[in-house]
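Following: one structure in structure tokens, then a few remarks.
Excluded from the calculations below are hydrogen atoms, water molecules and symmetry mates; all remaining heavy atoms, backbone and side chain alike, are included.
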Amino acid sequence: MGKREHPLVSYCQESRNFAELLDGWLFRGTGRIRSESISDMDRRFLIKSGRKIYRERYRDLYKKVEGAAVHLLIGLEHQENVHYGMPVRVMDYDSVSYMAQMSGIAGRHEERNDLTEAEKLSGFSKEDRLIPVISLVLYCGARAWDGALRLHELLDFGGVPKELRGCIGDYHIQVLDVCHTDDPRLLEFPADIAALFFFLKYKDDPVRLTNNLAKIEEVRSNTCDTIAECVGERRLKRFIKEEDGGKVNMCKALDLLIADGEKRGEKRGEKRGVELGVAKERKNTERERKRAEKAEARIRELEQMLRR
């Protein structure tokens with residue numbers, strides 16, 4: 001992500017927003033993931049893979065989800081451009097996540113000194129288990145995701161016999177292509193996440209944006225603020241102050257934006273019309289001046305001829 005995190009990643013750092021994103025993605029907005037089940041995990045991974053050799057990785061977001069239905073570690077990677085090596089990148093992130101868990105387990109066993117000689121080799125007992133890791137690639141680019149969704153799509157099987165291909169491990173990744181997901185599917189997300197996604201998808205299509213926002217009554221003010229940052233429409237921030245109760249009616253805000261845009265367009269048109277009128281007047285004046293100069297020159301020529 002670089003030094004400056006994307007507003008969407010910053011938005012999803014809040015447990016409530018992250019829970020709603022996951023609930024819409026994993027359970028189609030049925031409310032099975034609550035904000036109280038979300039806890040932060042360290043996004044920085046530093047794993048020792050050899051003598052004086054360390055592997056360091058950073059995730060955009062990394063949180064733990066606990067509850068009756070799920071017990072997962074969720075990593076979120078935000079993308080604005082297609083990453084054509086994403087299966088390898090995600091596989092590396094997930095591998096480091098599992099290695100970090102194993103390292104923690106091994107440290108606890110070392111303190112207790114409760115492993116057999118065979119188990120000490122790995123620092124992992126036969127009964128130990130790891131928490132599952134899921135990585136979501138949240139892609140918000142205008143072009144449809146056309147990168148690989150599994151490791152096998154990146155491999156050259158040209159010289160590999162078909163009988164051996166099943167022996168080569170595969171790795172699937174999860175990509176949510178926001179701008180190319182069907183509208184009914186986006187509407188399954190909680191209202192705030194759906195409104196955010198629709199603005200990203202239809203920021204240049206006010207008709208479709210209005211039609212979809214009509215199905216969403218209100219959003220929280222911090223959602224509206226994030227939308228303003230993500231789509232570069234700073235005027236939306238003005239409506240946050242105008243609304244009461246920390247909620248923003250997005251249809252009303254969009255109508256006002258469109259009306260404001262039309263007024264600005266009219267003013268620009270009027271200004272352009274004045275500029276064109278002045279330019280045309282100057283052009284006509286210059287044309288008349290040249291005609292007068294030619295006429296005067298012709299008169300002087302005739303006077304000289306008469307004198308002869």
Can a salt bridge be assigned to the pair [X] and [Y] using a cut-off of 4.0 Å between side-chain N and carboxylate O?
X	Y	result
E111	R108	no
K247	E218	no
R220	E20	yes

Counting only N and O atoms by type, is there a donor-acceptor contact under 3.5 Å from the side chain of [X] to the main-chain atoms of [Y]?
X	Y	answer
D170	H152	yes
T226	N222	yes
R150	I173	no
H78	P7	no
S95	M91	no
D182	P184	no
K201	L209	no

Exercise. Applying salt bridge (charged side-chain N to carboxylate O under 4.0 Å, His left out), name anything that partners K120, two or more places apart in sequence or on another chain.
Key: E117
Quiz item: Who are the salt bridge (charged side-chain N to carboxylate O under 4.0 Å, His left out) partners of D146, not counting sequence neighbours?
Solution: none
Practice problem: Apply the test side-chain contact (heavy atoms from CB on, under 4.5 Å) to residues S35 and F18: give CA-CA distance (whole Å), side-chain angles for both, the deciding distance (0.1 Å), then the verdict. | Solution: CA-CA 8 Å; S35 59; F18 189 78; over 6 Å; no
Working to the nearest 0.5 angstrom, can you tell me the gap between [X] [atom1] and [Y] [atom2]?
X	Y	atom1	atom2	answer
L196	Y11	CG	OH	6.0 Å
L200	E80	CG	CD	9.5 Å
L186	I216	CG	CD1	9.0 Å
L115	S122	CG	OG	7.5 Å
F197	Y202	CZ	OH	14.0 Å
M86	Q79	CE	CD	3.5 Å

Is it true that [X] and [Y] fall in one hydrophobic cluster, defined by side-chain heavy atoms closer than 4.5 Å?
X	Y	answer
L22	L61	yes
Y171	L164	yes
V90	W25	no
L155	V88	yes
I227	V9	yes

Nearest heavy-atom neighbours spanning [X] and [Y]:
X	Y	value
A195	V219	CB-CG1, 3.6 Å
D23	R32	OD1-N, 2.8 Å
L149	E153	N-OE1, 3.3 Å
C230	L8	SG-N, 4.0 Å
K64	M41	N-CG, 3.7 Å
L151	P87	N-CB, 3.8 Å

Quiz item: Are side-chain N/O atoms of H109 and D128 paired as donor and acceptor at under 3.5 Å?
Solution: yes
Using a cut-off of 6.0 Å, state whether more than 12 heavy atoms not belonging to [X] lie near its atom [atom1].
X	atom1	answer
L121	CG	no
R34	CZ	no
N81	CG	no
E110	CD	no

Min side-chain heavy-atom separation [X]-[Y] under 4.5 Å:
X	Y	result
L73	Q101	yes
R28	R185	yes
F124	I105	yes

Quiz item: Passes side-chain hydrogen bond (donor to acceptor under 3.5 Å, both in side chains), H6 versus E229? Steps please.
Solution: CA-CA 9 Å; H6 192 281; E229 293 287 344; over 6 Å; no
Quiz prompt | Pairs meeting criterion side chain to side chain donor-acceptor pair (under 3.5 Å) with involvement of residues 203-215, two or more places apart | solution = D183-N212
Quiz item: Tracing side-chain links under 4.5 Å among I, L, V, M, F, W and Y, which residues wind up in one group with Y93?
Solution: none
Only distances under 3.5 Å count here; give the side-chain donor-acceptor pairs of residues 129-141 to other protein atoms, sequence neighbours excluded, each with its distance to 0.1 Å.
from : atom 1 : to   : atom 2 : distance (Å)
R129 : NH1    : K126 : O      : 3.0
S135 : OG     : R59  : NH1    : 3.0
S135 : OG     : R59  : NH2    : 3.1
S135 : OG     : D94  : OD1    : 2.5
Y139 : OH     : R143 : O      : 2.5

Exercise. Decide side-chain contact (heavy atoms from CB on, under 4.5 Å) for R165 and F157; before the verdict, give the C-alpha distance in whole Å, the side-chain angles of both, and the deciding distance to 0.1 Å.
Key: CA-CA 8 Å; R165 293 181 186 180; F157 286 104; 3.7 Å; yes
Quiz item: In chain order, what residues pass the side-chain contact (heavy atoms from CB on, under 4.5 Å) check against D42, with sequence neighbours excluded?
Solution: R44
